[in-house]
Amino acid sequence: MARILITSALPYINGIKHLGNLVGSQLPADLYARYMRARDHEVMFICATDEHGTPAELAAAKTGEAVDAYCARMHEVQADLARGFRLSFDHYGRSSSARNRALTQHFAGKLAENGFIEEHSEKQVYSIADGRFLPDRYIEGTCPNCGYDRARGDQCENCTKQLDPTDLINPRSAISGSTDLEVRETKHLYLRQSLLKGEIDAWIDAQTDWPLLTTSIARKWLHDGDGLQDRGITRDLHWGVPVKKGDAEWPGMEGKVFYVWFDAPIEYIAATAEWADATDKSDKDWERWWRTDKGAEDVRYVQFMGKDNVPFHTLSFPATIMGSREPWKLVDYIKSFNYLNYDGGQFSTSQGRGVFMDQALSILPPDYWRWWLLSHAPESSDSEFTWENFQASVNKDLADVLGNFVSRITKFCRSKYGEVVPEGGETGERAAALVAELEIRVRAYESHMEAMEVRKAAAELRAIWAAGNEYLQSAAPWTVVKTEPERAAAMVRLSLNLVRLYAVLSEPFIPDAAAVMLEAMGTTDRSWPGNVAAALETLPAGHAFTTPDNLFRKITDEEREDWEKRFSGVRS
RNA sequence: GGCUAGGUAGCUCAGCUGGUUAGAGCACGUGACUCAUAAUCACGGGGUCGGGGGUUCGAGUCCCCCCCUCGCCA
C-alpha cells in the first residue's frame, strides 16, 4: 500500500466555475483519487478556495457584502457544487483560514531568516476616494503614446505599449472612477527567486518523467532573458494574510498583506491541517503527509492543474519551500491540462460564456458530465465541447453500451429465473475468451489510470463495457435457454457478475451509477479484480438481486437544441 | 514579433525511439439477433496523414522552408 497526496489547483472564490475549469484540475484529480482508493492505497485528496486579493474585494463590493462574509458564502456555494459533482476531497479548505494565515507567516519568516526576502521601496498610485493603493490593472487613463483613453496602468491594450501607472494622462481609479489620486511611497517584500534559480533548475532537470508541457514552461521562465526574476509577495490591500515574520511583527510592513500567489499554494498544506482540525486529529496526522522528517518521505505527491498554473507550481511554490530550508514535501508529479473550448470559442468566466457548474447540474446528473468531460479531457491539446458530441457520447456510451447491458441481463434473468443468480451449468469457450480479453483490458485500464492517461483509460473502460454486449450477443442465452436452461443459467450468472465488475471498475468515472449497480446486485463487495476469472465468481448461485431502473436516460434532440440555445449567449 | 502546442477519415481523437495494404469511437451503408433504453453484435464504404522540398532501401513519424489554428510572453 502506497501513500498518495493529491491536490487540485485552487478555484478562485469570485463566482461559479465553468466546465473548462472543472475538467482542468478538480475532476481528473478526483478520478485519480478514487482510483487510488479503489486500489487500497492511502489517499489524501486536498482542494480549497483561493480567497484573497483584489478580485474578491471587488466582487464583494458589488454584492454589498463584507469581503469575509462574501467569501464564506461563496465557499459554501462552491463546496456544494463540488459535492454535486461528487468530488471526493478529504478536505475542501479555505485559503483565508487561520491555519493558512499562520503557515504563510511562518514561511515568510523562514525565508527572511535565510536571506530570501528583500525589502523594496517603490512609488504607487493611491486613491484617496477608495482609500487604497491601486494595483496596475485598477488604474486607467489616456495612453501617452497613442491617445487611447482606456489604457491600463501596466499596458495600453490599444497600442500594446508597456506603461507605468504614473505615465498615464488623466489617470482615474478603475474601481470608483475617482480622479483624486496621488503617488505615494510604499514598501514591499520581494521573494529572491533568482538566488534559488540553480536549485530549481537542477530540480526540474531531475524530473525526467514529467510531460514536456510542464517542463518546457518551467524552463522558459528559468532561462528566458535575465532568468528567474524576484517577485513581489506583498500588496497594499486589506483582504489577505497580514504580513508578519512568523509570530512577530514586521517593522515597516504594518497594514500590508501577502500577495495572493504567495499564500494560495501554501494552502495545500494548510488545508491538510484544516482536515486534521475538522476530524479531531493531531498535528502529527497531517504532518506525516507533508514533512519528510515526520513520515512523508514515502508519500507520492501529485498535483493537477491547468497549464496557466504551471509557473506557480514549478517555480514560485517550490522556491517558497526550498527557501524555507525546512523538510517540506516537494511535488513528485505535475499533471497539467490544456483548455476546453466551448462551441467554437472559449469558455469565459468574465463574459459568462459556456456552461457553468451550477447550470450543468440543473439539467443533468453529475455522471453524465463526468463521463463526457473525462473521456474528452484536453490532455494533448485543447479540446472542444459541442452539444452534439455531448449528446452522442452520453447516449451511446452510457445509455446504450453500459446502461442497456445492465438492463438486458437483469430483465432477462428476472423473466426466466427470477431475481436470483441462477445455478447450474458450465460456461463454455466464449466465456473463457471473454475472461481472457477482460484480463488484458483490465490491466491496460490500470496502467492508463496509473499514468493519468485519462482519455485512454476512458476508452479502455468503454471497450470493457462493450465486451459484455459482445459476449451476450454471441452466447445468446435467450436462444440457449429454450433447449439447455442450465447452460443459459451459467451465461446469466457470469453476466450478472459482470455488472458488479463494471461497477467496481467504473466507480472513478461515474460514482453514482456504480453505486446503483452495486446496490442492485445486492452486494457491497467493491474489491478490485486482481484476477478477472475469480472476480466473476463473486456473486454465487442463489444470491438475490434487484432489477434497477434504467441507469441513464438519453438526451433528446429537442433537449439538445434547447440547451444549445440557452447556453449560447451570455450568462445573466 | 518571440516561444509552446497543434494541423491525420464528415465529427472527436490514437499513432513510442522511421518499416508490411494508416487506426479507434461516433456518423453512414448492409446483414444478424430479438433478452434489452428502436437497444446490441458482425461486416463494409470513406483519408495523396496542412503545402513544398530534402535525408533514407523505406517517412504521418527525421531535417529545411512556407501556410493555418490555439495559447503564453513581450
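To find a chain, count down the sequence lines: A is the first, B the second, and so on, and within it residues start at 1.
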**Student:** With distance as the sole criterion, is a donor-acceptor pair present between the side chains of A:Asp557 and A:Gln391 under 3.5 Å?
**Tutor:**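 A:Gln391 and A:Asp557 do have a side-chain donor-acceptor pair below 3.5 Å.
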**Student:** Between A:Trp563 and A:Phe390, is a ring pair (Phe, Tyr, Trp, His ring centres under 6.0 Å) present by the stated rule, with each step listed?
**Tutor:** CA-CA 11 Å; A:Trp563 295 337; A:Phe390 177 65; 7.3 Å; no
**Student:** Can you tell me, in whole Å, how much space there is between the P of B:C11 and that of B:C16?
**Tutor:**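 That atom pair is separated by 22 Å.
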**Student:** Go through B:C41, B:A39, B:G15 for me and flag the one nearest to the A:Lys554 side chain.
**Tutor:**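 So the side chain of A:Lys554 is nearest to B:A39.
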**Student:** Find the distance A:Trp465:CH2 to B:A39:C1' and express it as a whole number of Å.
**Tutor:**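 Rounding to the nearest Å, CH2 of A:Trp465 and C1' of B:A39 are 16 Å apart.
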**Student:** Without decimals, in angstroms, what is the distance between A:Glu437 CD and B:C41 P?
**Tutor:**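 Result: 12 Å.
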**Student:** Would you indicate what A:Ala466 reaches in the nucleic acid, counting non-hydrogen atoms under 4.0 angstrom: base, sugar-phosphate, or nothing?
**Tutor:**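 Sugar-phosphate only.
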**Student:** Under 4.0 Å, heavy atoms only, any strand: does A:Phe552 hit a base, just the sugar-phosphate, or nothing?
**Tutor:**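 The answer is base, as A:Phe552 lies within the cut-off (heavy atoms under 4.0 Å) of a base atom.
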**Student:** Atom pairs, N/O to N/O, protein against nucleotides 28-36 of chain B, distance under 3.5 Å?
**Tutor:**
residue, atom, partner, partner atom, Å
B:C33, O2', A:Trp478, NE1, 3.3
B:C35, O2', A:Arg408, O, 3.2
B:C35, O2, A:Arg408, NE, 3.1
B:C35, N3, A:Arg408, NE, 3.4
B:C35, N3, A:Arg408, NH2, 2.6
B:C35, N4, A:Arg408, NH2, 3.2
B:A36, O3', A:Ser407, OG, 3.4
B:A36, O2', A:Asn404, OD1, 2.4
B:A36, O2', A:Ser407, OG, 3.2
B:A36, N1, A:Arg408, NH2, 3.4
B:A36, N3, A:Asn404, ND2, 3.2
B:A36, N3, A:Arg408, NE, 3.1

**Student:** Rounded off to whole Å, could you give me the NE2-to-P distance for the A:His448 and B:C16 pair?
**Tutor:**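 Answer to the nearest Å: 14 Å.
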**Student:** Whole Å only: how far is the CZ atom of A:Arg560 from the C1' atom of B:C11?
**Tutor:**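 Answer to the nearest Å: 13 Å.
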**Student:** Flag the pair A:Asp30 and A:Arg370 as a salt bridge only when some basic side-chain nitrogen lies within less than 4.0 angstrom of an acidic carboxylate oxygen.
**Tutor:**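 Answer for the salt bridge query: yes.
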**Student:** Suppose you measure atom P in B:C67 against the same atom in B:G29; what distance do you get, rounded to whole Å?
**Tutor:**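 It works out to 42 Å between them.
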**Student:** If you measure from OG on A:Ser495 to CG on A:Leu472, what distance do you get to the nearest 0.5 Å?
**Tutor:**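 These two atoms lie 4.0 Å from each other.
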**Student:** Taking atom C1' in both B:G19 and B:A36, what distance in whole Å separates the two?
**Tutor:**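 Their C1' atoms lie roughly 46 Å apart.
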**Student:** Considering only atom C1', compute the distance from B:U17 to B:A39 and round it to an integer number of Å.
**Tutor:**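 Pairwise C1' distance, B:U17 against B:A39, rounds to 45 Å.
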**Student:** Return the value, rounded to whole Å, for the distance between atom CG of A:Asn395 and atom P of B:U40.
**Tutor:**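 Whole-Å distance recorded here is 10 Å.
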**Student:** Compute whether any side-chain donor of one residue and acceptor of the other, for A:His376 and A:Asn389, lie under 3.5 angstrom apart.
**Tutor:**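 Indeed, the side chains of A:His376 and A:Asn389 share at least one donor-acceptor pair under 3.5 Å.
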**Student:** Quick test of your reading of the model: are A:Glu439 and A:Arg443 salt-bridged, counting only N-O distances below 4.0 Å?
**Tutor:**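 Looking at A:Arg443 together with A:Glu439, the answer is yes, because their closest N to O distance falls below 4.0 Å.
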**Student:** Does A:Asp397 pair with A:Arg462 as a salt bridge, N-O distance under 4.0 Å?
**Tutor:**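 So A:Asp397 pairs with A:Arg462 through a salt bridge.
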**Student:** Consider only side-chain N and O atoms of A:Arg500 and A:Thr538, and report whether a donor and an acceptor are under 3.5 Å apart.
**Tutor:**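 Side-chain D/A pair, A:Arg500 to A:Thr538: present.
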**Student:** Is it the case that more than 12 heavy atoms not belonging to A:Glu419 sit under 6.0 Å from its CD atom?
**Tutor:**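 Yes, because the 6.0 Å sphere around CD of A:Glu419 holds more than 12 heavy atoms from other groups.
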**Student:** Roughly how many Å is it from CD in A:Glu470 to P in B:A24, rounded to a whole number?
**Tutor:**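 Going from CD in A:Glu470 over to P in B:A24 covers 13 Å.
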**Student:** Between B:G50 and B:U69, how many Å separate the two C1' atoms, rounded to a whole number?
**Tutor:**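 That atom pair is separated by 11 Å.
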**Student:** Using atom CZ of A:Phe337 as one end and atom P of B:C70 as the other, report the distance to the nearest whole Å.
**Tutor:**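 These atoms are roughly 23 Å apart.
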**Student:** Return one dot-bracket line describing RNA chain B 5' to 3' (Watson-Crick or G-U wobble pairs, both distances under 3.5 Å; ( ) same strand, [ ] crossing, | another strand, . none).
**Tutor:** (((.(((..((((.....[...)))).(((((.......))))).....(((((..]....)))))))).))).
**Student:** For atom C1', what is the distance between B:C13 and B:G52, given to the nearest Å?
**Tutor:**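 Rounded to whole Å, the distance is 27 Å.
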**Student:** Which word best sums up how the rings of A:Tyr32 and A:Phe304 line up, parallel for under 30°, tilted for 30 to 60°, or perpendicular for over 60°?
**Tutor:**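 Ring orientation, 0 to 90° scale: tilted.
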**Student:** Could you give the distance separating B:A14 and B:G25 at their P atoms, to the nearest angstrom?
**Tutor:**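 Result for the P pair: 16 Å, nearest Å.
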**Student:** B:U55 and B:U61: how far apart are their P atoms, nearest whole angstrom?
**Tutor:**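 Per the computed distance, 15 Å lies between those P atoms.
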**Student:** Can you say whether the rings of A:Phe317 and A:Tyr268 are parallel (under 30°), tilted (30 to 60°) or perpendicular (over 60°)?
**Tutor:**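 If you compare the ring of A:Phe317 with that of A:Tyr268, the planes turn out perpendicular.
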**Student:** List every contact pair, protein side and nucleotides 25-27 of chain B side both N or O, where the distance is under 3.5 Å.
**Tutor:**
residue, atom, partner, partner atom, Å
B:G25, O3', A:Arg462, NH2, 3.1

**Student:** Quick one: A:Leu398 CG to B:U40 P, roughly how many Å, whole number?
**Tutor:**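 Rounded to whole Å, this separation is 13 Å.
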**Student:** Hydrogens and angles aside, do A:Glu450 and A:Tyr35 bring a side-chain donor and acceptor to less than 3.5 Å of each other?
**Tutor:**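 There is such a pair (donor and acceptor under 3.5 Å, judged by atom type) between the side chains of A:Glu450 and A:Tyr35.
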**Student:** Which residue, A:Asp400 or A:Leu551, contacts RNA chain B at a nucleotide closer to its 5' end, judged by nearest heavy atom?
**Tutor:**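 With A:Asp400 and A:Leu551 compared, the 5'-side residue is A:Leu551.
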**Student:** Using the side chain to side chain contact (heavy atoms under 4.5 Å, CB included) rule, pick out the option among A:Ile510, A:Ile464, A:Leu461 that qualifies with A:Tyr502.
**Tutor:**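 Exactly one pass, corresponding to A:Ile464.
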